[in-house]
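Report on the structure given below.
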Amino acid sequence: MKNAGLARSMVGWVLFGTLAVLLGLKLTWVGQHLSALRPVAGGDRAPALHLPLLRGGSFQLGGDEGASLDGEGAVTVIDFFATWCGPCRIELPHVDALWRRYQDRGVRFVAVDVEPPEAREFVEKLAKDLRLELPIALDGEDASAAYKVSNLPTIAIVGKDGRIRKMFLGLRSERDLADAIDAALDE
Amino acid sequence: MDAPTRTDLSEGRSARAAEAIGRVACIGGALVSPRSTLRRIALTDEGGLGDVGLLLGARFLVDAAPSLARALLWLPRGEPLPAIQGVLQTLSRLLPDVVAIVLGALALALFAGRGRDAAAGRGRELDLAAYAWVPWVAVQVAAMAIHVALGRVPSATERQLAQLVGLTWSAVLWATALWVLRHPVRATMDSTNGEAK
């Protein structure tokens with residue numbers, strides 16, 4: 001009986017002890033990688049993008065500090081999505097509607113699929129199902145890492161100076177997005 | 001009323017330490033001697049959902065520390081809403097465990113039979129289902145520790161294997177809990193025989 005009690009305690013302490021060690025290691029890792037974990041947010045320079053588009057051509061944005069920017073002088077809306085993401089499927093038609101509304105005002109839009117290039121056929125099907133006309137970029141894994149996308153959908157509004165004005169995480173109303181675009185245009 | 005004396009405080013600390021040791025032993029007992037542990041939980045006040053909650057909380061922190069840090073780092077940028085969204089999304093990782101325990105408790109209550117004696121663990125289904133989930137957590141922790149020691153990310157096959165082992169082990173414990181609930185008298189006799197040895 002005493003041996004059984006000792007075995008129970010030992011196993012319990014090994015389990016909690018292992019968790020304590022793992023937690024210490026994980027917290028150390030977090031401390032060492034804080035700058036990598038820090039989100040891309042308003043005021044930061046928008047990471048550069050160079051992505052192939054679904055319907056041909058490419059989309060480019062940004063460059064190094066001080067260098068000439070592709071898309072400089074124009075407000076840019078970048079919508080990160082995935083074909084398996086339910087809220088993305090809800091939001092994309094609204095972003096498409098905003099693209100139609102703001103086309104004449106020089107606002108650039110791109111929806112970036114964060115999946116590997118092999119997801120092309122799923123993206124094509126999604127675009128057809130939702131009747132999307134806005135530019136859709138593929139192969140956005142590196143782009144989503146550069147923008148530190150942790151939620152889907154994530155929408156970045158980039159100002160005329162190439163700096164991020166607003167990052168929207170998760171589903172947002174068309175009105176919220178329109179207000180942010182108008183604010184960026186008015187600067 | 002007199003202020004607590006040094007002896008009172010010392011006894012309080014000893015009681016809390018004994019309680020903590022008891023909780024750890026109960027968790028270990030679910031892995032080493034499940035039948036006697038589950039029987040004690042069913043028939044006494046020993047052990048409970050809180051013990052497993054501590055274990056799940058610790059495992060969650062290990063798993064979710066980077067995601068939580070990423071979410072909380074929105075706060076210095078003056079953006080509380082993404083921080084809250086990130087924290088809530090990270091907390092949702094606990095949902096599968098919570099759902100599994102609740103469903104396990106409902107199934108225990110359903111299959112343990114009606115008209116059970118009051119001593120037959122009535123009202124302890126949630127605690128028993130929580131303890132039945134301990135092997136799943138233990139296997140996940142062991143898998144994490146092995147991969148940290150090896151310095152690599154687990155493959156999909158290794159992850160699936162760990163899940164299969166954990167689920168099977170937990171299913172066995174759940175079945176044991178059901179047996180304890182349906183046969184409390186026999187479980188008590190087994191206990192008496194065991195102690196006589």
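Chain naming here is simple, since letters A, B, ... match the order of the sequence lines and numbering starts at 1 in each.
- Residue B:R59 touches chain A through both its backbone and its side chain, counting heavy-atom pairs closer than 4.5 Å.
- B:L31 touches chain A through its side chain: at least one heavy atom from C-beta onward sits under 4.5 Å away, while N, CA, C and O do not.
- Contact count against chain A (heavy-atom pairs under 4.5 Å) is highest for B:P66 among B:G86, B:A65, B:P66, B:A145.
- Between A:P47 and A:Y147, the closest heavy-atom pair is O-OH, 2.8 Å.
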Begin from the C-alpha positions of A:E124 and A:R120 and carry the test salt bridge (Lys or Arg N to Asp or Glu O under 4.0 Å) through to its verdict.
-> CA-CA 6 Å; A:E124 282 173 347; A:R120 186 189 181 101; 3.2 Å; yes
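- For the side-chain contact (heavy atoms from CB on, under 4.5 Å) with B:R23, the lone residue among B:L55, B:D51, B:V52 that qualifies is B:D51.
- In this model, no donor atom of one side chain and acceptor atom of the other lie less than 3.5 Å apart for A:R8 and B:T37.
- Under a cut-off of 6.0 angstrom, the local environment of NZ in A:K26 is crowded, with over 12 non-hydrogen atoms contributed by other residues, nucleotides or ligands.
- Per-residue heavy-atom pair counts under 4.5 Å with chain B were compared for A:V14, A:L19, A:L25, and the maximum is reached by A:L19.
- Heavy-atom pairs under 4.5 Å with chain A peak, among B:V148, B:V137, B:L81, B:V62, at B:V62.
- The CG atom of A:D79 lies 7.5 Å from the CG atom of A:L134; values are rounded to the nearest 0.5 Å.
- Distance check, rounded to the nearest 0.5 Å: OG of A:S58 to CG of A:L49 gives 11.0 Å.
- Of all residues spanning residues 163-176 of chain B, none has a heavy atom less than 4.5 Å away from chain A's heavy atoms.
- To the nearest 0.5 angstrom, A:L51 atom CG is 10.0 Å from A:D113 atom CG.
- Using a 4.5 Å cut-off between non-hydrogen atoms, the part of residues 172-187 of chain A that approaches chain B consists of A:R172.
- In this structure the side chain of A:W84 reaches within 4.5 angstrom of the side chain of A:E115, judged on heavy atoms.
- The distance from atom CG of A:L53 to atom CG of A:D139, rounded to the nearest 0.5 Å, is 12.0 Å.
- Under the 4.5 Å side-chain criterion, counting only non-hydrogen atoms from C-beta, B:P82 is not in contact with A:P39.
- For a residue to count as touching a neighbouring chain, one of its non-hydrogen atoms must lie under 4.5 Å from one of that chain's; by this rule A:L34 touches chain B with backbone and side chain alike.
- Under the 3.5 Å distance criterion, with hydrogens and angles disregarded, no donor-acceptor pair is assigned to the side chains of B:R39 and B:T44.
- Both cation-pi conditions hold for A:R108 and A:F59: the charged atom is under 6.0 angstrom from the six-membered ring centre and inside a 45 degree cone around its axis.
- For B:S36, the part lying near chain A is the side chain, with the backbone staying farther off; criterion is any non-hydrogen pair under 4.5 Å.
- Of the atoms belonging to A:M10, not a single heavy atom falls under 4.5 Å from chain B.
- Interface summary for chain B: among A:S150, A:A41, A:A20, A:S9, the most heavy-atom pairs under 4.5 angstrom belong to A:A41.
- Tested against A:V107 for a side-chain contact (heavy atoms from CB on, under 4.5 Å), the candidates A:T76, A:V75, A:L98 yield a single pass: A:V75.
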